[in-house]
2 protein chains.
Amino acid sequence: MRTSNIPKERAKKLEFYKSIGLKLTPQRLAILEYLENNTEHPSAEDIYSALKERFPSMSFATIYNTLEVLIKKGLVKELGLDSSKKRFDPFTHPHHHFVCKGCGKILDVESRFEIFIPEDLSDCMVEDFQVVFSGLCPECKEKE
Amino acid sequence: MRTSNIPKERAKKLEFYKSIGLKLTPQRLAILEYLENNTEHPSAEDIYSALKERFPSMSFATIYNTLEVLIKKGLVKELGLDSSKKRFDPFTHPHHHFVCKGCGKILDVESRFEIFIPEDLSDCMVEDFQVVFSGLCPECKEKE
DNA sequence: CTCTTTAATTAGATTTTATTTTAGTTTAAA
DNA sequence: TTTAAACTAAAATAAAATCTAATTAAAGAG
């Protein structure tokens, strides 16, 4: 029963992508598929490398164009946690992150935190917040 | 009385810088002075531009070398909130930030938040955390 | 105060790497 | 079939960060 649902779910998903105005090219589908459930917060380069094998002709322009569209559609969020490149997150619900000082890896944190909007920001329009933890991930902790 | 203390305080500060092993060159003092009480979270470029007039011969190497030393000494922290360049913060005590989505400005938030270390990170060595707010600063809010 | 040593500074080139552009080609969808 | 949109390859851009070799200057010793 599980297996028989897969094509149906897939079709539904494609339908959804179409419904929001995405022209479905194989490259786009590959990017979407790569991002789906991806918790690595990949960079454009990461996506490119990952798909290079399947699409040897893939161009960076395609990656960047597609990401731009996905961001505009609200399906992907751009992360500002890496001071050398943009990284992208397909999980757009509010959540938090841990940044490893050793390897730069970014982990998701799904806990809820009670945060009040501080007085310092009373003149700002605060739209969002996230808690950013930092330290060493399990692997880098070992190496120390 | 206030004024008469200033040279003394200055001397004390120089003494302190020396005591931690900083060779005090005019350029370094200028960088230190520029950073002192600076809440703009400047980039290397910002520092360079700001001091260019007073030190027309200033080199980027000096900026980067000095920043490296200051970071090593714990007098400055590197911020990872801007995905295009490193920015630096002379306030090394734990505090939080607001990032303007409009102009990229970073504001300090001094409030205290009660944050527990989430289970997701039980295998990590969590050394630090900060709350990052985002939205529009007063100026960008106006422009909308 | 002068000398010596050691570290810092300089100018400018270079590297690096992310991202954007371009112009021609291909293709999804109606 | 048509056409607007997407794709490609490669070059261009852009900007941050690093490196180099020669020069200068701070700090400590005498």
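Protein chains get the first letters and strands the later ones, always in sequence-line order, with residue 1 at the start of each. Reckoned from all heavy atoms, side chains included, excluding hydrogens, waters and symmetry mates.
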Rounded to whole angstroms, how far apart are [atom1] on [X] and [atom2] on [N]?
{"X": "Glu68(A)", "N": "dT21(C)", "atom1": "CD", "atom2": "C1'", "answer": "13 Å"}
{"X": "Glu78(B)", "N": "dA17(D)", "atom1": "CD", "atom2": "P", "answer": "8 Å"}
{"X": "Leu67(A)", "N": "dT20(C)", "atom1": "CG", "atom2": "P", "answer": "10 Å"}
{"X": "Tyr17(A)", "N": "dA6(D)", "atom1": "OH", "atom2": "P", "answer": "16 Å"}
{"X": "Phe60(A)", "N": "dA12(D)", "atom1": "CZ", "atom2": "C1'", "answer": "15 Å"}
{"X": "Asp82(A)", "N": "dT19(C)", "atom1": "CG", "atom2": "C1'", "answer": "15 Å"}
{"X": "Asn65(A)", "N": "dT22(C)", "atom1": "CG", "atom2": "C1'", "answer": "12 Å"}
{"X": "Leu32(A)", "N": "dA6(D)", "atom1": "CG", "atom2": "P", "answer": "13 Å"}

Using a cut-off of less than 4.0 Å, is there contact between a side-chain N or O of [X] and OP1 or OP2 of [N]?
{"X": "Gln27(B)", "N": "dT10(C)", "result": "yes"}
{"X": "Tyr64(A)", "N": "dT20(C)", "result": "no"}
{"X": "Ser57(A)", "N": "dT8(D)", "result": "yes"}
{"X": "Thr25(B)", "N": "dA8(C)", "result": "no"}

Proximal nucleotide (of [options]) relative to the [X] side chain:
{"X": "Ala61(A)", "options": "dT22(C), dT10(C), dA8(C)", "result": "dT22(C)"}
{"X": "Lys23(B)", "options": "dA26(D), dT10(C), dA29(C)", "result": "dA26(D)"}
{"X": "Pro26(A)", "options": "dT10(C), dA25(D), dA28(C)", "result": "dA28(C)"}
{"X": "Lys86(A)", "options": "dT10(C), dT19(C), dT8(D)", "result": "dT19(C)"}

* Donor + acceptor pair across side chains of Ser43(A), Asp46(A) (<3.5 Å) -> yes
* Checking His97(A) side chain against Ile106(A) main chain: does a donor-acceptor pair fall under 3.5 Å? -> no
* **Hphob cluster co-occupancy, Leu32(A) + Val69(A), side-chain heavy atoms under 4.5 angstrom** => yes
* Asked: Do Phe98(A) and Leu81(A) share a hydrophobic cluster (ILVMFWY, side-chain heavy atoms under 4.5 Å, transitive)?
  -> no
* Asked: What's the shortest heavy-atom distance between Asp108(B) and Asp89(B), and which atoms?
  -> OD1-OD2, 4.0 Å
* Structure fact -> Per the under-4.0 Å heavy-atom filter, residues of residues 44-55 of chain B near DNA chain C come out as none
* To do: Give one of base, sugar-phosphate or nothing for Lys85(A), where a contact means two heavy atoms less than 4.0 Å apart.
  => sugar-phosphate
* To do: Have a look at Ser43(A) and say if it touches a base, only the backbone sugar-phosphate, or nothing, with a 4.0 Å heavy-atom cut-off.
  => nothing
* Atom pair CD1/OH of Ile63(A) and Tyr48(A) - distance to nearest 0.5 Å -> 8.0 Å
* Roughly how far, to the nearest 0.5 Å, is the NZ atom of Lys86(B) from the CD atom of Glu78(B)? -> 4.5 Å
* Between His41(B) and Phe88(B), does the ring centre distance come in under 6.0 Å? -> no
* To do: Kindly indicate whether the side chain of Ser59(A) and the base of dA9(D) share any N or O donor-acceptor pair separated by less than 3.5 Å?
  => yes
